[in-house]
2 protein chains.
Amino acid sequence: MDPSQLLKGVLDLAVLAVLREEDGYGYDVLRRLRKAGLDDVGDASVYGTLRRLYNAGLLTSYVVASDEGPNRKYYALNEPGRQRFRESTDTWNSFARTMSELVGETR
Amino acid sequence: MDPSQLLKGVLDLAVLAVLREEDGYGYDVLRRLRKAGLDDVGDASVYGTLRRLYNAGLLTSYVVASDEGPNRKYYALNEPGRQRFRESTDTWNSFARTMSELVGETR
DNA sequence: GCACGGTACCACGCAATGCACAGTAGTGGA
DNA sequence: TCCACTACTGTGCATTGCGTGGTACCGTGC
């Protein structure tokens with residue numbers, strides 16, 4: 001099974017999850033996701049997802065200068081974003097439970 | 001979150017899971033998946049997935065006449081299919097655990 | 001000074017896949 | 001006769017993750 005397909009529709013949730021605790025910029029979100037275990041996430045996927053969530057009105061954004069490189073575009077969850085996070089988490093948990101039962105959970 | 005996107009790459013596993021226990025034909029697999037909790041699976045998705053798995057050499061197929069309607073095309077797991085099921089299950093479990101930790105498991 | 005690697009972001013186009021929709025066809029009941 | 005249910009197929013679309021390449025800034029080592 002190609003792990004990249006598993007991310008479909010879940011990367012949104014993953015990004016919201018890491019932003020939920022602390023604002024972050026693209027490159028940072030990428031690192032945090034990989035550290036969390038999503039080793040194969042592509043950078044373009046993360047930037048794309050951030051833009052998508054921003055355009056959907058779930059994130060706010062502000063630019064901060066850095067002395068270690070180019071400017072950083074920070075993203076932060078707003079209220080709709082937090083709500084979406086809660087909803088998506090519920091959807092995910094329910095879906096994951098269904099799938100685990102289907103394949104026969106052996107935990 | 002659109003639940004349909006969650007199925008991406010997982011429908012294969014779900015179909016393998018229901019066929020693992022008993023051979024089935026498309027319409028039947030569809031009903032079994034919906035009964036298992038995947039309420040929104042489209043019929044075309046299931047037929048398409050069955051064809052894809054068959055073309056990938058993971059399923060065998062045979063036709064059986066029915067007295068309640070048209071002929072039924074049964075599918076069955078073969079050895080590669082069973083192996084794929086085991087691999088995909090591992091991938092899924094690992095992925096699901098990672099995601100659950102990310103969103104903060106509240107079980 | 002300059003090449004190089006790490007940081008940071010973006011645009012373009014592709015590929016996979018679930019789905020809607022339409023079509024074909026058999027069976028049986030109102 | 002019409003309709004609902006069963007059963008399968010084909011076409012085309014939308015979403016979305018990713019590969020690739022490009023821009024640009026910074027510090028280090030030569």
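In what follows, chains are A, B, ... by sequence order, proteins preceding strands, each numbered from 1. As a basis for the values below, the full set of heavy atoms in this structure was taken, side chains included, without hydrogen atoms, waters or symmetry mates.
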Legend entry - Results of salt bridge (Lys or Arg N to Asp or Glu O under 4.0 Å) for B/R52 - residues two or more places apart only: B/D12
Legend entry - Non-neighbouring partners of A/R51 that pass side chain to side chain donor-acceptor pair (under 3.5 Å), sequence neighbours left out: none
Inset, instruction - Please write out which residues are connected to B/V63 in a hydrophobic cluster, directly or through intermediates, given that two of Ile, Leu, Val, Met, Phe, Trp, Tyr count as joined at side-chain heavy-atom separations below 4.5 angstrom. - result: none
Inset, instruction - Take atom CG of B/L50 and atom P of D/dG10, then tell me their distance rounded to the nearest Å. - result: 13 Å
Legend entry - side chain to side chain donor-acceptor pair (under 3.5 Å) against B/Q83, all qualifying residues, sequence neighbours excluded: B/E87
Legend entry - Closest to the A/L7 side chain, choosing from D/dT15, C/dC19, D/dC18: D/dC18
Inset, instruction - May I have all residue pairs that pass ring-ring contact (aromatic ring centres under 6.0 Å, His included) and include part of residues 30-63 of chain B, sequence neighbours excluded? - result: B/Y62-B/Y74
Legend entry - Residue closer to the 5' end of DNA chain C, B/K8 versus A/R31 (nearest nucleotide): A/R31
Inset, instruction - Take atom CG of A/L30 and atom P of D/dG19, then tell me their distance rounded to the nearest Å. - result: 12 Å
Inset, instruction - Kindly give the heavy-atom pair with the smallest separation between A/A14 and B/L102, and that separation in Å. - result: CB-CD1, 3.8 Å
Inset, instruction - Please identify each residue that fulfils salt bridge (Lys or Arg N to Asp or Glu O under 4.0 Å) with A/R86, with sequence neighbours left out. - result: A/E79
Legend entry - All stems with DNA chain C, defined as three or more consecutive Watson-Crick or G-U pairs under 3.5 Å: C:1-30 with D:1-30
Inset, instruction - Tell me, please, which residues at least two apart from A/R34 pass salt bridge (Lys or Arg N to Asp or Glu O under 4.0 Å). - result: none
Inset, instruction - With rounding to the nearest 0.5 Å, note down the distance linking NZ in A/K35 to CG in A/L38. - result: 14.0 Å
What N/O pairs connect the protein and nucleotides 9-11 of chain C at under 3.5 Å? Give each pair on its own line.
residue, atom, partner, partner atom, Å
C/dC9, OP1, A/K73, N, 2.6
C/dC9, OP2, A/G26, N, 3.1
C/dC9, OP2, A/Y27, N, 2.8
C/dC9, OP2, A/Y47, OH, 3.4
C/dC10, OP1, A/K73, NZ, 2.5
C/dA11, OP2, A/R51, NH1, 3.4

Legend entry - Under the side chain to side chain donor-acceptor pair (under 3.5 Å) test, residues paired with B/R20 that sit two or more places apart: none
Legend entry - N/O (side chain, B/T49) to phosphate O (OP1/OP2, C/dG18) under 4.0 Å: yes
Legend entry - Under 4.0 Å protein heavy-atom contacts per nucleotide of nucleotides 23-30 of chain C, with B for base, S for backbone only and - for none: --B-SS--
Inset, instruction - Enumerate the residue pairs fulfilling salt bridge (charged side-chain N to carboxylate O under 4.0 Å, His left out) with a member in residues 23-32 of chain A, sequence neighbours excluded, ordered by first and then second residue. - result: A/D28-A/R32
